[in-house]
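Just so it is clear, the model here is predicted, and its values are computed rather than measured.
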Amino acid sequence: MTLAPKRPAVLAGLVAAGLVLALVSMAAGRVWVPFAVWFKPADPLWPILFDLRLPRTLLAIGVGASLGMSGAAMQGYTRNPLADPGSLGVSSMAALGAVLTLYLGMGAQAPWVIAVAGMAGALAAVLLLMGLSGRSPGVVTFILAGVILNTMAGAGVALALSLAPNPWAVNEIVNWIMGSLADRSAGEVELAAPFMIIGCVTLMFITRALDALTLGETGARSLGINLTAIRWILAIGVALATGASVAVTGVIGFVGLIVPHLLRPWVGARPGGLLLPSALGGAVLVLAADIAVRLTPAANEVKLGVAMAALGGPFFLALLLRMRRRLA
């Protein structure tokens, strides 16, 4: 029997876990910052705490919330449990947009151009994904559409790498592909946070429509849902949230796939009701993963995108096998 604690208790638990992990994130790293230092501006560790750890922690929360909510919204809209910005090419297309600005040298001169290009790439990906998968996408069709987008984005990034004009551009492109929160500054928080917030707020406007779509498109229309408007709202919300995330951290996959599936047994399967818990759960997951990569005993810090791929790959495979058994 599936346990189903009351929704407020789950939300409170996620908020508490997020706060605890945020405090640990501020302290953890190659150099641990004791709690007593937090109130001593003259201490030599103070710049580490507020110039490096605080922006990294805030970005982990924002990126996790954006990707978690985007994944839940895409799964609810498509009624497809495999929908996710990372696995279906949205993050890769956003990264391609950011990479092109680095290749052309525009990103170094105007960092905001990277964010705009990332969001444009994500918007194009969502629209292409919906167009390629058709009006009533099945699992196989949706996966194939995602494979096409990932292949297109991968080919574009590979071309940019092979034609990169200098080693700096190659290094920046590689970092964007692998995804990381290391060495992020307050400027990147200020750049990405407004778009992440606007994107998540935009997605919250379609909660009723996501619930109605469980009845199918005909049933949703009978309830007065304008599906064309909902499609555009979803595309804009996912593009802003995912594109801004990728623009400052690179590709961090599988957050939007894992979190909704973990939370669905606890908060219920209602798509609209899953958006807020998925945002909180995504923040918790990315905070925990980022702390873990900082504490790995290696000469260089493991990239967060690599760690999430190592976690999400087996999860994706297990999900596919479970669906196969259910359909057999």
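Judged purely by atom type and a 3.5 angstrom limit, S66 has no side-chain atom pairing as donor or acceptor with the backbone of V63. Remark: side-chain polar atoms of H261 are not paired, donor with acceptor, to backbone N or O of F315 under 3.5 angstrom. Of the possible polar contacts, none joining the R184 side chain to the V189 backbone as a donor-acceptor pair under 3.5 Å is found. In this structure a side-chain-to-backbone donor-acceptor pair under 3.5 Å is present from Q75 to A83. The main-chain N or O of G256 is found under 3.5 Å from a side-chain atom of D84 such that the two form a donor-acceptor pair. Of the possible donor and acceptor atoms, one in the side chain of T101 sits under 3.5 Å from a partner among the backbone N and O of A98.
A salt bridge links E301 to R56: one of the charged nitrogens lies within less than 4.0 Å of a carboxylate oxygen.
Grouping the Ile, Leu, Val, Met, Phe, Trp and Tyr side chains by contacts below 4.5 angstrom, directly or via other members, places V90 apart from I198. Tracing side-chain contacts under 4.5 Å through hydrophobic residues (I, L, V, M, F, W, Y), one never reaches W232 starting from L213; they form parts of separate clusters. Cluster annotation: I236 and I230 are assigned to distinct hydrophobic clusters (Ile/Leu/Val/Met/Phe/Trp/Tyr, side-chain heavy-atom contacts under 4.5 Å, transitive). Hydrophobic clustering of Ile, Leu, Val, Met, Phe, Trp and Tyr side chains at less than 4.5 Å, counting indirect connections, unites L67 with L311. Each of M119 and L149 belongs to its own hydrophobic cluster when Ile, Leu, Val, Met, Phe, Trp and Tyr are linked at side-chain heavy-atom distances under 4.5 angstrom.
With contacts defined as side-chain heavy-atom distances shorter than 4.5 Å, the pair L123/V238 does not qualify. Looking at L52 and P47, their side chains never come closer than 4.5 Å, going by heavy atoms from C-beta outward. No side-chain heavy atom of V251 sits under 4.5 Å from any side-chain heavy atom of I177. Using a 4.5 Å cut-off on side-chain heavy atoms (C-beta onward), L100 and L96 make contact. Residues L163 and L159 form a side-chain contact, since some pair of their non-hydrogen atoms from C-beta on lies under 4.5 Å apart. Between V286 and L304 the shortest side-chain heavy-atom distance falls below 4.5 Å. Residues L223 and L215 are in side-chain contact: their nearest non-hydrogen atoms beyond the backbone lie under 4.5 Å apart. Considering only heavy atoms from C-beta on, R53 comes within 4.5 Å of V33 through its side chain.
Taking each heavy atom of L227 and Y77 in turn, the nearest pair found is O-OH, 4.4 Å. The minimum heavy-atom distance between V259 and S278, with the atom names listed, is CG1-O, 3.5 Å. The shortest non-hydrogen separation linking A209 to I225 is CB-CG2, 3.8 Å. Closest approach of M93 to L128, counting heavy atoms only: CE-CD1, 4.4 Å. The two residues P34 and L45 make their nearest non-hydrogen contact at CD-CD1, 4.0 Å. In terms of heavy atoms, P260 sits closest to V255 at CD-O, 4.1 Å.
Atom CD1 of I252 and atom OG of S91 lie 9.0 Å apart (nearest 0.5 Å). A distance of 13.0 Å separates CE in M26 from CH2 in W32, rounded to the nearest 0.5 Å. L181 contributes atom CG, which lies 9.0 Å from atom OG1 of T57 (distance to the nearest 0.5 angstrom). Residue L274 holds its CG atom at 9.5 Å from CG of L210, rounded to the nearest 0.5 Å. Expressed to the nearest 0.5 Å, how far CE of M196 lies from CG of L59 amounts to 5.5 Å. Here the straight-line distance linking atom CG of L203 with atom CG of L240 works out to 8.5 Å at 0.5 Å rounding.
Sparse packing is recorded around CG of D183, with 12 or fewer heavy atoms of other residues, nucleotides or ligands lying under 6.0 Å away. Heavy-atom contacts from other residues, nucleotides or ligands closer than 6.0 Å to CZ of F254 number more than 12.
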* To do: Kindly determine whether W266 and R7 satisfy side chain to side chain contact (heavy atoms under 4.5 Å, CB included), including the steps that lead there.
  => CA-CA 7 Å; W266 298 88; R7 177 186 172 87; over 6 Å; no
**Q.** Verdict with supporting geometry, E217 and R231, salt bridge (Lys or Arg N to Asp or Glu O under 4.0 Å)
**A.** CA-CA 12 Å; E217 292 190 358; R231 177 179 295 225; 5.1 Å; no
Stepwise, does the side chain to side chain contact (heavy atoms under 4.5 Å, CB included) test hold for V284 with L21? CA-CA 7 Å; V284 168; L21 288 171; 3.6 Å; yes
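The aromatic rings of W46 and F50 are tilted relative to each other, their planes meeting at an angle between 30° and 60°.
A side-chain N or O of R294 and one of S25 form a donor-acceptor pair less than 3.5 Å apart.
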